[in-house]
Amino acid sequence: MSSPENKISPPAAPAGEVVPPLRRPVATVWGVGEERAKLLARLDIFTVEDLLLHKPRRYEDRRKFLPIRDLKLKEAATVRGKIIAAGVKRFRKGARTMFECVFDDGTARLHCRWWQAQSWMPDWYAVGREFLIFGKLDDDKKPRAFTHPETELVEPGEDEFIHVNRIVPIHPLTDGLTARVMRTLVWRALEKYESEITEPAIKLDLKTVPARANAVRMIHFPNELTDVEFARQRLALDEFVALQFQIQSRRKKFEALSKALPCGGDNRLMKPFLAELGFKLTAAQTGVLREIRADLGGAHPMRRLLQGDVGSGKTAVAACSALMAIESGFNVALMAPTEILAEQHFRNFQKWFEPLGIKVELQTGNRKTVQADAPKVQRVPRGKPSTFNLRPSTLFIGTHALFTAGFDIPMLGLVIIDEQHKFGVSQRETLVRKGNYPHLLVMTATPIPRTLGLTLYGDLDVSVIDELPSGRGKIKTFVRTADTLPKVWDFIREKISGGRQVFVVYPRVEENADGFKAVTKEFEHLKKLLAPFQVGLLHGRLKGAEKEAVMAEFRANNNQVLLATSLIEVGVDVPNATVMLIENAEAFGLAQLHQLRGRIGRGAHESFCILISDAKTPDSIGRLKVLAETNDGFKIAEADLKLRGPGELLGQQQSGLPPLRFGDLAEDLNLIRQARELVRLHLDFAVRGVN
Ligand code: ADP
Ligand code: MG
């Protein structure tokens with residue numbers, strides 16, 4: 001538990017400014033002194049409002065108590081009884097002690113036991129006192145007994161209406177603060193401040209949702225248990241509305257400030273490009289391109305998120321979008337999260353664009369010269385990019401680090417960010433320079449659960465490629481234990497003999513205490529095991545040129561097997577590779593495994609993904625089974641979100657989302673949609689109001 005000293009207090013209001021009542025320090029609540037304020041700070045409660053919004057972790061129905069006689073085995077319940085006997089028991093062996101007291105409620109007796117008696121217990125659990133006891137019977141032995149139950153003293157006075165005869169909240173607590181004290185404080189805060197809880201500026205229909213003040217009371221002191229969810233939804237909606245308001249007003253402000261560069265194009269390059277491409281775009285790709293073309297020719301700079309599962313063909317969409325801007329006389333920048341991916345894009349775009357007379361430039365940290373087969377291409381000198389003499393119609397490809405360092409391309413019409421989830425979300429806007437508003441296309445292959453799409457990317461319009469190109473071999477996924485590895489290697493040898501290639505992924509570069517396998521160690525082993533086939537090794541500690549050489553060998557099928565870390569998770573496109581073996585699969589997130597699996601199934605051959613795991617917990621096995629059952633990235637992302645929570649999935653800090661007390665990003669899609677619509681109407685109205 002963190003100490004109160006670690007917590008940051010909210011800034012005090014500047015002198016002379018009136019503090020709104022709900023923002024007053026929690027110490028203004030009767031019963032909160034210096035000591036309790038410190039305890040509350042541990043729970044992040046600093047103001048009256050924090051206290052009022054301290055969400056109960058569970059509820060107890062204390063309108064009627066179960067007679068002790070009727071307690072059922074293993075069923076948690078609250079009973080109410082008076083102490084008729086109490087004492088400390090000592091055991092011969094060691095210093096083990098137990099405090100035990102006996103409750104009676106007129107129907108039967110209940111023994112309550114605490115191991116290691118504390119010195120305060122005999123006084124507190126004194127004969128004659130009345131308690132509420134929450135616990136369950138662990139066995140059906142007589143006498144009936146609870147071990148380490150939660151108890152609450154019944155005192156005359158306030159008690160009769162706060163702590164009993166109603167459904168009561170049990171709040172998250174901290175050492176030194178009991179449920180009873182917390183409940184009392186919340187009660188008092190409500191009594192004094194409920195009338196200060198007002199409706200927010202964006203009005204909700206109070207015929208369908210409870211008033212906010214009412215919801216706050218109900219979340220603590222519901223009349224019926226069903227009220228709780230009703231109240232939670234109202235409070236969650238308020239949170240989502242506030243969030244959407246932030247997102248949408250930012251976007252509005254942006255649109256008011258910026259004028260779009262005309263980048264719609266005229267098809268002059270697009271036509272020959274599509275003719276040479278070698279495949280026909282899917283209906284989904286074409287549909288998305290229609291949306292993008294409308295944006296590029298529109299009044300406001302495009303801010304669009306393109307979602308498409310791995311292998312859905314986002315690169316071709318990026319290429320067509322780039323062509324539109326280039327046809328219109330602008331330069332385009334394409335950013336990739338890794339050097340390997342930047343190299344790969346570079347090779348593809350060179351092949352596609354140079355025949356059309358478009359220059360393609362690569363900028364990566366390690367790259368000194370370009371591939372021998374592309375001697376025409378030069379690097380852009382770093383350090384003085386603004387003075388570099390460019391003719392229009394250049395596509396710049398690089399990693400994001402380089403672009404932020406010297407991001408000053410003249411006549412920049414369009415910025416494309418590939419695999420956005422690898423960049424911090426907050427970095428997004430800094431990539432697009434202030435005062436200069438190129439169009440922005442963000443592409444991501446981690447299918448973002450819809451709830452997050454609407455919040456995290458709420459300021460972007462969303463296009464979805466919801467169809468994979470036809471003619472793809474199927475991917476079959478298996479979950480296996482490590483003892484089946486000999487058979488797996490036989491299978492892999494057979495596939496290589498048939499002409500295919502294989503990825504093998506390990507969680508670690510080098511071995512460490514966590515016991516997961518490391519790619520450098522396994523490399524030595526597999527070289528021997530798989531001879532005469534050739535094995536390549538790829539991980540993040542190699543230099544850029546080394547990585548590039550390894551990828552080139554694999555692409556040329558000089559290496560049949562590529563051992564790698566999750567570094568190859570994004571983008572790598574080698575259609576002849578049809579087997580992916582992932583060891584210690586439990587070490588990876590679901591979405592990450594899905595990404596990794598996306599490296600195969602890119603050609604016409606049937607593909608196989610084998611997940612090796614000796615994880616014992618049903619949770620981790622269940623996670624891996626989700627992958628075996630579905631190839632649908634959205635389903636996987638949603639399962640991942642539910643299993644790990646949004647913080648884990650994105651990193652709360654990176655996500656830039658404020659913490660939500662009542663809203664649940666895994667569950668509240670409808671509320672988020674509702675909030676989005678409410679805010680949209682409100683802002684539209686506001687704009688029309690001033691015009
Ligand atoms: P991702 O969406 O994961 O970035 P890519 O753009 O790398 O996917 O495309 C995966 C593979 O599918 C590439 O080899 C690409 O050339 C191919 N591809 C893209 N669009 C089509 C299409 N319409 N028909 C056939 N193959 C396609
Ligand atoms: Mg891609």
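Ligands are counted one by one from 1 in listed order, and the atoms in each one are counted from 1 as well.
- Judged by distance alone, with hydrogens and angles left aside, the side-chain atoms of Asp266 form a donor-acceptor pair with the main-chain N or O of Arg268 at under 3.5 Å.
- Side-chain atoms of Asn331 never come within 3.5 Å of backbone atoms of Ile326 as a donor-acceptor pair (strictly under, hydrogens ignored).
- Judged by distance alone, with hydrogens and angles left aside, the side-chain atoms of Thr484 form no donor-acceptor pair with the main-chain N or O of Arg480 at under 3.5 Å.
- In this structure, the side chain to side chain donor-acceptor pair (under 3.5 Å) partners of Arg680, at least two apart in sequence or on a different chain, are Glu677, Asp684.
- Of all the atoms in ligand 1, the ones that sit under 4.0 Å from a non-hydrogen atom of Ser312 are 2 (O), 8 (O).
- Within the structure, ligand 1 lacks Gly308 among the residues with a heavy atom less than 4.0 angstrom away.
- Asp490 CG to Lys495 NZ: the interatomic distance, rounded to the nearest 0.5 Å, is 13.0 Å.
- For ligand 1 and Gln285, the ligand atoms under 4.0 Å from any heavy atom of the residue are 19 (C), 20 (N), 22 (C), 23 (N).
- Heavy-atom proximity to Thr282, at under 4.0 Å, picks out these atoms of ligand 1: 23 (N).
- Backbone and side-chain nitrogen or oxygen atoms of Lys314 are examined, and one is located within less than 3.5 angstrom of a nitrogen or oxygen of ligand 1.
- Proximity of Lys280 to ligand 1, defined as any heavy-atom pair under 4.0 Å, is confined to the backbone N, CA, C and O atoms.
- Not a single heavy atom of Pro575 sits less than 4.0 Å from an atom of ligand 1.
- For atom 4 (O) of ligand 1, the nearest non-hydrogen atom from the set Thr315, Val317, Ile465, Asp418 belongs to Thr315.
- No donor-acceptor distance shorter than 3.5 angstrom exists from the side chain of Arg597 to the backbone of Met580, with no hydrogens or angles considered.
- Asn559 meets the side chain to side chain donor-acceptor pair (under 3.5 Å) test with no other residue; sequence neighbours excluded.
- Considering backbone and side-chain atoms together, Phe279 places no N or O closer than 3.5 Å to any N or O of ligand 1.
- Here Asp573 has side-chain heavy atoms under 4.0 Å from ligand 1, and that is the only part of it that gets that close.
- Numbered from 1 in the order shown, with element, the atoms of ligand 1 that lie under 4.0 Å from a heavy atom of Leu281 read 23 (N).
- Ligand-side atoms of ligand 1 in range of Val310: 3 (O), range being under 4.0 angstrom from any heavy atom.
- Taking the six-membered ring where the residue is Trp, Phe554 and Phe503 present tilted rings, their angle falling between 30° and 60°.
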